[in-house]
Amino acid sequence: MMQLYDYVLSGSCYKVRLFLSVIGQDYEKVPVDYYPGGEHKTPTFLQINPLGQIPVLVDDDLILRDAQAILVYLAGRYDANRSWYPEDPRLQGEIAMWLSFASNEIMNSSAARLHDMLFYDFDIDKVRAAAHAAFRVLDDHLTDREIMGKQWIVGNHPTIADIACFPYVALSGDGGISLDDYHAVRRWISRVKQIPGFVVMPGIHHN
Amino acid sequence: MTRTTDKVALNEWQAVGTVEEIISGKRRNTRLLGQDIIVEMDGEIPRMFENNANGGIGTEHPAQALYGHIWTTLGTPVKAPLDMPEFKEDGRRLVVCGALTVRASALRIVENFLDMAHFPYVHTGILGEEPITAVNDYKIEIREPEDEVWATECSFFQPQAAASADDGQVSQYMYRVSSPFVTVLYKTCPVVEGAWDLVGIFVQPKDEAECDVHTFMLVLDETSTMSDLVHFQQEIFLQDRSILENQIPPGLPLDPMDEIAIKADGSSMLYRRWLRNKGLTFGTHRGDGSSQAA
Amino acid sequence: MAEHFPRDAWYAVGGAAMLAEGEIMPVKLFGKERVAWRGDDGESHVWHNRCIHRGMRLQFGFVDGDRLACRYHGWRFGGDAQCKKIPAQPTLAPPDDFRIPVFQSAEKNGLVWTTAGTPGANVTGLPDSENFVFCRSLAVHAPPDAVVEHFGNMDASITTPGILSAILNIEGADVPVAVAIQPVSADKSQIHVTAGQAGAENAIQPLRLRVSAWARRLRDTIENQTEKEDSE
């Protein structure tokens, strides 16, 4: 069975757990003692991912690191309808743009959370300001999408772009970043929580 | 902020790090009651020094290793750290879950730890779930001469009471508060009938509204992996964190008129009264504007 | 701030359609925290953002039918702000004084309005001359007075506290715009932008998009100006 190297408090692992749940795919969790154990930096784990990061997905002989890459693979391989990663090149381009946003700009929110919760050494004012700047971009985008009658980041139904962006936006409070200013973002969070198969993680509640 | 002048808070033993982390050669630069400190090991001997504003090492204070953690004090404790004889029992596993930072008063954190009524809402599907939400009657008392708050004969229905639990069970609990910042619960062990598992938090109050929380478990469980056990406890604690950081005011109100309470809050009310009688002010909400009120 | 923003005035805090049934919205006015929510009976409410039990912010709660539930212990509060149910003690009928402090609120011109004082019962709303359509809300990191001042430079008029109206040239067309300014705190504002409806129903969407883009530019200009003044 497919295995996910997983840490319960990781928003990146949660991207994968959430997606596997909404597409109803069974898998086995391999808990990684990320904190306080630091297991992701041990020689054994570095054999699996030389970057020393989680999540990692193992499916038969395929070993994938990076949550965004894993989402692309899972949606292509296990979503028979291809609704989460449609084959339309234009939508794929837009999805790739937001996957990149999820793994770059939005990760400032993850940095703030690691600083505030687990003692990581980041410039907290700087990462919070960068997260706010990213959230404003997302909020402006979603505001205009709502005006156009659209509910999701890309296209007419939820895609892996929504799944990839969701965790560290919804977890931003953990890093002392308020979403009070981002109305369209909060409404989108509320819609993501209504996707059938939605699951929570600590810091994220059901509607 | 600077070091508090609250003698009641200063005269307690406080956990400020795990032995395992510090023995590996990592000095811990941290803070206690507004005072920057350095915690280190000199061979097998734990030591704590004030860390002066100019970066120099200042006064040394007493330190000791106990229950997998380093304990220290900035004052003159009148009472030793709590006694947990279960640590000497065979077959128990000590799980040190690591410190996690919470922007909340230590007292709000301890009070939340004593509370069962939030299980169905904050730990949904694990420690509780609607519609079984009622808190059954339980007993509360101050135990002398230990000067500890106890709540006993507590029980709650739980869908997944522990890492090792497959099904729901009615868990029995006892809660014990041994200092304003240290609390332990005794909970039905799902593996060995008639035995208790221990879960505790040693709250390190860094400032009035910021703490490092050191969590441990002492369990009878030979099957779960260490990661399973740590993840279970961290999941529970992080669910609480998102609540604790959103209580206003951040300081715990000790005046019974400030927040409404019901019978199920008996342990919380006794804890607040006990703190009031001690004259503790650090981490409390004070109506005179000197607190961290929102 | 007192000249342009009296406490007793009505202030818009969001688009009414943006607060759907079952939704909760955090609101700040003069630095004070509120929570707005709408039950499935369609009624909207603006309350103190704090549970009376253990101080939890109600904005993180959930709507259960026509009641607001606190996330911490699931206490349910009815539309009258009275506690209706305490799950930890289901047999207890909550006493009358178990209630959340409430602020006057109303809906008018497609906006939700509230106040920090005791205004007249009737919401003043937007100027009557146009049929204004809600376009969007956006936060501006600038003092409320700086927003007023910026509009003054654009020949906008203030007929009611916090409400600015002007005919603006947006992308080559004259558009009547009314902006409701929400004094969030001393250094932050929120603006709720509405525009005069330009005829046919199908023209509303392009109008809203144009005004949304204009509002973004306006926000950036005001913030840059404020930042420049701060660093001088």
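Lettering of chains follows the sequences in order, A, B, ..., and the numbering in each one begins at 1.
For the atom pair CG (B:L10) and CD (B:Q14), the distance works out to 8.5 Å, reported to the nearest 0.5 Å. Atom-to-atom distance recorded for B:K139:NZ and B:C154:SG is 11.0 Å, nearest 0.5 angstrom. Of the inter-residue distances, the one linking B:F202 atom CZ with B:T215 atom OG1 reads 9.5 Å to the nearest 0.5 angstrom. Note: B:D207 CG to B:F282 CZ = 6.0 Å, rounded to the nearest 0.5 Å.
When side chains are defined from C-beta on, B:D147 counts as touching B:I142, because their heavy atoms get closer than 4.5 Å.
Aromatic ring orientation, B:Y186 versus B:W150: parallel (interplanar angle below 30°, classes split at 30° and 60°).
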Quick check - list every chain B-chain C donor-acceptor pair under 3.5 angstrom, one line each.
{"unit_1": "B:R108", "atom_1": "NH1", "unit_2": "C:R54", "atom_2": "O", "d": "3.4"}
{"unit_1": "B:E111", "atom_1": "OE1", "unit_2": "C:R54", "atom_2": "NE", "d": "3.3"}
{"unit_1": "B:N112", "atom_1": "OD1", "unit_2": "C:Y72", "atom_2": "OH", "d": "2.7"}
{"unit_1": "B:D115", "atom_1": "OD1", "unit_2": "C:H73", "atom_2": "NE2", "d": "3.4"}
{"unit_1": "B:D115", "atom_1": "OD2", "unit_2": "C:H73", "atom_2": "NE2", "d": "2.7"}
{"unit_1": "B:E130", "atom_1": "OE2", "unit_2": "C:R76", "atom_2": "NH1", "d": "3.3"}
{"unit_1": "B:E130", "atom_1": "OE2", "unit_2": "C:R76", "atom_2": "NH2", "d": "2.9"}
{"unit_1": "B:T133", "atom_1": "OG1", "unit_2": "C:P87", "atom_2": "O", "d": "2.9"}
{"unit_1": "B:V135", "atom_1": "N", "unit_2": "C:A88", "atom_2": "O", "d": "2.9"}
{"unit_1": "B:N246", "atom_1": "O", "unit_2": "C:R57", "atom_2": "N", "d": "3.0"}
{"unit_1": "B:N246", "atom_1": "OD1", "unit_2": "C:R57", "atom_2": "NH1", "d": "2.9"}
{"unit_1": "B:Q247", "atom_1": "NE2", "unit_2": "C:R54", "atom_2": "O", "d": "2.8"}
{"unit_1": "B:I248", "atom_1": "N", "unit_2": "C:G55", "atom_2": "O", "d": "2.8"}
{"unit_1": "B:I248", "atom_1": "O", "unit_2": "C:R50", "atom_2": "NE", "d": "2.4"}
{"unit_1": "B:I248", "atom_1": "O", "unit_2": "C:R50", "atom_2": "NH2", "d": "3.2"}
{"unit_1": "B:E259", "atom_1": "OE2", "unit_2": "C:R50", "atom_2": "NH2", "d": "2.9"}
{"unit_1": "B:I260", "atom_1": "N", "unit_2": "C:I52", "atom_2": "O", "d": "3.0"}
{"unit_1": "B:I260", "atom_1": "O", "unit_2": "C:R54", "atom_2": "NH1", "d": "3.2"}
{"unit_1": "B:K263", "atom_1": "N", "unit_2": "C:Q89", "atom_2": "OE1", "d": "3.2"}
{"unit_1": "B:A264", "atom_1": "N", "unit_2": "C:Q89", "atom_2": "OE1", "d": "3.2"}
{"unit_1": "B:D265", "atom_1": "OD1", "unit_2": "C:H53", "atom_2": "NE2", "d": "3.3"}
{"unit_1": "B:D265", "atom_1": "OD2", "unit_2": "C:H53", "atom_2": "NE2", "d": "2.8"}
{"unit_1": "B:S268", "atom_1": "OG", "unit_2": "C:R54", "atom_2": "NH2", "d": "2.8"}

